[in-house]
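Numbered from 1 within each chain, the chains take letters A, B, ... in sequence-line order.
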Amino acid sequence: MNDSTAKLLEAYRSAHEPPAEEVARSLESVEARIAAGDPGLTLLPDTASAITPAVKLVLLGGLLTLLGVGVGFGLGVWRGPRVASAVPEIHLPRAEAGVQGEDRVAEAPLDPRAVGHAHSRSTPSEREPAEPDPAETVESVKPAVADAPSRPTGKRPKGAPKPVAAATPGPSTLAEEMKLLGRGRAALRDGDWATAASVFDEHARRFADGELAEEREVNRHELLCARGETDAANALRTRFRSRFPGSPHRAKLRKGCGGAP
Amino acid sequence: MESGRAGKSQRMGEDAPALSVVPGSKVDEAVFRELFSTHYGFVRRAMLGFGVPSAIAEDATQEVFVVVHRRVAEFDGRTTMRAWLYGIARRVAHTMTRGEYRASRKRAALSTVERERPDLEHDLERELVRRRAADRVGAFLESLAPAQREVFALCDIEGLRAPEVAAALGVNLNTVYSRLRLARRRFERFVRAWESEENG
């Protein structure tokens, strides 16, 4: 490594070296958590290393099978049911087909010009099976037409899944959540802990995984601290860390009951 | 560039005897503290490399050490402590960034005050040059494919040896060497281009 590259890398390293104060602060915080019996995050499996050699082998096998089918199809080794049923519909007159007539029949569907040529020279009776039967066409289309709703009825058929939009909380839901938590906050400020607790419980019941679930838990933590229920507050903090690992409120909760107003 | 394998390991602090945790045992408090102080920076940089936002990198790093304390008995000594830490850091990052999207939406609405770095150097010009160089390297790392970036950062920035990196990433040793060779080649080109740009 030459001097320039070494200097560059050193600059990068030192620019990303955490300050001593952060290291000390973090150590203190980690030790406090360990002392409180906080087990930390429940880790999700590492997706990168989840692909074991056995899985790789299975994937490779699947890929090869697909490749084999693809190549087989391309070479005409495997003919799907539609191709097979189309072949007998084209009959060249024996006289024109000559000695290699069978081969030409088999190749005919692959060449549109050959198909056109065969049709133009075949007799009406021979051509008939290849022509789409109007009655059959109508029959085959009918079910699709019958299935398609002619106009919206406004009613959802039995067993049909709910529209996705209905599952997404809209602005009104968020507004309702905010209103409810606002009531709880006001009660908390006024020292009306019973009301605050019942409001937060109501929020948990109605919006268990709502948009403001994290805020509800932070408020609950504040309530527990205000009541002097330190153990319960600690337990809530531990649950919070596991449930909301990336929450911006973690810094606030990290202070524990001492940091609560 | 070969010095990245052994020389840098010593410079960056290869697992010192005092830090060696007896496989399968509980970690002593003093050893844990030293382990923390020695590897905190490494884990924090790894977190940033995994795409953990800087706003929660400190929390994420703490989380790694809480998990380390809980699971230290699982450390079997087959790999180095740093390689083991890296594996845990990767999973913590994966777990934490799962909810990051949701959190980031809220963060925009919350007034968060970025902590000021307390150790800002007085020599502003020197600091500026250093930061500029660091930004350049950061940009270079961004330009690498993730697999190459990971290997390059671990070997040439963190000073891990190739076998350690192979163990940490769960990949073949030759794969590590191959990725490292490609990344280093690109870095050499990048530095040359930068120098010629700087010299006009």
Side-chain angles (χ1 to χ4, degrees), chain A residues 1-35 37-52 211-215 238 241-252 254, chain B residues 1-4 33 36-37 40-41 44-45 48 53 55-56 58-63 65-67 69-70 87-88 90-92 94-100 102-104 106-107 110 112 115 117-119 129-138 141 156-158 169-170 187-188 191 194-195:
Chain A
M1 183 182 300
N2 63 40
D3 202 36
S4 307
T5 53
K7 270 185 186 167
L8 268 176
L9 292 174
E10 184 53 43
Y12 180 83
R13 228 177 347 250
S14 64
H16 289 85
E17 197 61 44
E21 191 196 67
E22 181 189 319
V23 181
R25 182 177 62 225
S26 289
L27 178 60
E28 197 181 322
S29 172
V30 166
E31 285 186 331
R33 286 177 60 187
I34 291 168
D38 181 353
L41 276 183
T42 305
L43 300 181
L44 294 174
D46 184 2
T47 46
S49 60
I51 303 176
T52 59
E211 283 290 294
L212 300 178
E214 288 174 44
E215 284 72 14
T238 304
R241 283 193 199 104
S242 306
R243 193 174 163 198
F244 306 111
S247 170
H249 296 296
R250 283 166 57 104
K252 188 177 176 184
R254 199 188 302 139
Chain B
M1 295 294 278
E2 290 306 308
S3 62
R33 283 185 170 194
F36 188 96
S37 312
Y40 184 88
R44 197 184 194 285
R45 282 190 295 273
L48 295 172
I56 61 164
E58 184 180 337
D59 274 349
T61 308
Q62 289 179 17
E63 208 61 60
F65 284 98
V66 173
V67 173
H69 191 274
R70 184 183 82 210
I88 291 178
R90 175 187 249 183
R91 291 181 61 190
V92 167
H94 176 53
T95 306
M96 288 191 75
T97 48
R98 179 189 51 165
E100 179 48 30
R102 180 178 163 160
S104 66
K106 283 188 185 163
R107 202 174 300 121
L110 295 171
T112 51
R115 274 192 291 270
R117 281 185 64 137
D119 65 342
V129 170
R130 191 178 65 117
R131 289 206 172 239
R132 195 155 165 250
D135 287 348
R136 284 285 179 147
V137 177
L141 288 174
D156 283 0
I157 294 174
E158 300 298 345
L169 302 181
F187 189 57
E188 295 282 0
V191 173
W194 186 44
E195 280 174 343

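Between B:Ile157 and A:Arg13, the shortest heavy-atom distance links the atoms O-NH1, 2.7 Å. The shortest non-hydrogen separation linking A:Leu8 to B:Val137 is O-CG2, 3.6 Å. When every heavy atom of A:Leu27 is checked against every heavy atom of B:Arg33, the shortest pair comes out as CD2-CG, 4.1 Å. In plain terms, the two heavy atoms of B:Tyr40 and A:Pro18 that are nearest each other are CD2-CG, 3.6 Å.
A:Arg33 meets the side-chain hydrogen bond (donor to acceptor under 3.5 Å, both in side chains) test with A:Asp38, B:Glu63; sequence neighbours excluded. Qualifying side-chain hydrogen bond (donor to acceptor under 3.5 Å, both in side chains) partners for B:Asp59, counting only residues two or more places apart in sequence or in other chains: A:Arg254.
Distance check, rounded to the nearest 0.5 Å: CD of A:Glu31 to CZ of B:Phe65 gives 12.0 Å.
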* Could you go step by step and tell me if B:Arg45 and A:Glu17 meet the side-chain contact (heavy atoms from CB on, under 4.5 Å) rule? -> CA-CA 8 Å; B:Arg45 282 190 295 273; A:Glu17 197 61 44; 2.8 Å; yes
